[in-house]
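Notes to accompany the following structure.
Just so it is clear, the values below take in all heavy atoms, side chains as well, and ignore hydrogens, waters and symmetry mates. Letters A, B, ... are given to chains in the order of the sequence lines, protein chains preceding strands, and every chain is numbered from 1. Keep in mind the model is a prediction, meaning the values are calculated, not measured.
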Number of protein chains: 2
Amino acid sequence: MSLPHAILTALLEKPSSGLELTRRFDRSIGYFWSATHQQIYRELGKLEADGLIRALPSQQPARGQKKSYDVLPAGRAELARWTSASQDPKPHRDTLLLRLRAAAVVGTAGLETDLRRHLELHERQLAEYREIEQRDFPPGRDGTEDRLRHLVLRAGIDLETFWTQWLRRALADFAELPDGEPV
Amino acid sequence: MSLPHAILTALLEKPSSGLELTRRFDRSIGYFWSATHQQIYRELGKLEADGLIRALPSQQPARGQKKSYDVLPAGRAELARWTSASQDPKPHRDTLLLRLRAAAVVGTAGLETDLRRHLELHERQLAEYREIEQRDFPPGRDGTEDRLRHLVLRAGIDLETFWTQWLRRALADFAELPDGEPV
DNA sequence: ACGGTTTATGCAACTAGTTGCACAAGGTGA
DNA sequence: TCACCTTGTGCAACTAGTTGCATAAACCGT
């Protein structure tokens, strides 16, 4: 149940319309909490009904008409409550690791190509994170907000670093394997 | 749509009943693909109906009666197909990173305790993985199956290593922060 | 002034995963 | 022998997330 809180965070950073939120979820926030525009619109409706956010009364609210929201005090309070509440880490689900384990019983045929593709994707993502770091976090700035956001970005960088290294190792291992179907 | 394939993999490694599968999902497979017993029973039913697995005819199938399954050729074929098919990586969702980002706007109060708790959990998991590595992958063995499974375990080890390091860094950063509520 | 593209919002149906509970069989101690 | 606990299987309802499509306004070239 984190999508509403992701939206509250995004709206506190900057009041936005549904589409603007969608775009921002495709970039920064979506790096660790993705959401489609349908999820976002639905959730905006709920949050408004619950009195946590409100539509800015700029335009008459019609279809195809931009509608911006900002966070009400109750919304901020709820976000603060959620942030500080203890939460258990959710178990991971990783298809690629599962496939590798499956490959141990049904054979590695065809897997290598996809590993290579994943490696490229992770390399690209890593490069993007590094650009963001250079652009948004030049050395010297150290307000609390910057520190925390930088920390989050470092997690992204380190995770992608892990994946690229692991995939390279996996590919090196594959090269030594007798290929095809065991069993 | 990976749960059926996780189950097929587990059953190929060793034919099992629903409860045995559940236990194994709590240990090895569940480390990267968790599932509850209800999911597993439901999926076993579907897989049997689809002719990918069959119930071993050991006991009469009554309620509260152990029922074991093994994989039919069609099931193995489907798993091989799925393993080699190209798949896009699913976007991550990480609540902790989200909370850190939220903390940048509503304040870090209360978060530190939970970071510490997460650090402990990840340290424990890392220790468990290392034990498994020592027990199941002593140096020297290098069949294809072992190599692949070891690779998967290494991913787990490296991921937990990342998290423990990142959390330690986060806590160190927190120590320097003026605590409480900004804004 | 019209037809096509882009921007923006949204509904409905579906798939996957979770939670809460029910039920049966077998073992165990009082 | 009976109340209770554990093991094992399963249904039903719910929550979260995804996919496919509909609609309306605005902008843009001809």
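Using a 4.5 Å cut-off between side-chain heavy atoms of Ile, Leu, Val, Met, Phe, Trp and Tyr, with links allowed through other members, Trp163(B) and Phe162(A) fall into the same hydrophobic cluster.
Nucleic acid contact for Ser17(A): sugar-phosphate only, since backbone atoms but no base atoms lie under 4.0 Å from a heavy atom of the residue.
The CD atom of Glu43(A) sits 13 Å away from the P atom of dC11(C) (whole-angstrom rounding). Leu44(A) has its CG atom 15 Å from the C1' atom of dC11(C), to the nearest Å. As rounded to whole Å, 12 Å separates atom P of dG17(D) from atom NE2 of His5(A). Going from atom CE of Met1(B) over to atom P of dT18(D) covers 16 Å, rounded to whole Å. As a whole-Å value, the separation of Leu21(B) CG from dT7(D) P is 17 Å. One atom, CG of Leu3(B), and another, P of dG17(C), lie 6 Å apart when rounded to the nearest Å. The separation between Ile7(B) atom CD1 and dG17(C) atom C1' is 13 Å, rounded to whole Å.
Nearest to the side-chain atoms of Gln38(A) among the listed nucleotides dT19(D), dT9(C), dA13(D) stands dT19(D). Nearest to the side chain of Trp33(B), among dG17(C), dA16(C), dG10(C), sits dG17(C). Of the candidates dC21(C), dG17(C), dG10(C), dG17(C) carries the atom nearest the Gln39(B) side chain, counting heavy atoms from C-beta on. Of the candidates dT18(C), dG10(D), dG10(C), the closest approach to any side-chain atom of His37(A) belongs to dG10(C).
Residue-environment remark: CZ (Arg93(A)) exceeds the threshold of 12 foreign heavy atoms within 6.0 Å.
Side-chain nitrogen and oxygen atoms of Arg93(A) include none within less than 4.0 Å of the OP1 or OP2 phosphate oxygen of dG17(D). Put simply, Arg42(B) has no side-chain N or O that comes within less than 4.0 Å of OP1 or OP2 on dA13(D). Considering only side-chain N and O atoms, Tyr41(B) lies nowhere under 4.0 angstrom from the phosphate OP1 or OP2 of dG10(D). Here Lys67(A) reaches the OP1 or OP2 of dG10(C): one of its side-chain N or O atoms lies under 4.0 Å away.
Across the interface with DNA chain D, nearest-nucleotide mapping of Ser2(A) and Glu20(B) shows Glu20(B) to be the residue nearer the 5′ end. The nearest heavy atom of DNA chain D to Gly18(B) and to Ser34(A) marks one nucleotide each, and the one closer to the 5' end goes with Gly18(B).
Using a 4.0 Å cut-off between charged side-chain N and carboxylate O, Glu13(B) and Arg149(B) make a salt bridge.
Between Phe137(B) and His150(B), a ring centre-to-centre spacing shorter than 6.0 Å is recorded.
Taking CG of Leu3(B) as the reference point, atom NZ of Lys46(B) lies at 8.5 Å (rounded to 0.5 Å).
Side-chain atoms of Arg23(B) stay outside donor-acceptor range of the base of dT7(D), with no qualifying N/O pair under 3.5 Å.
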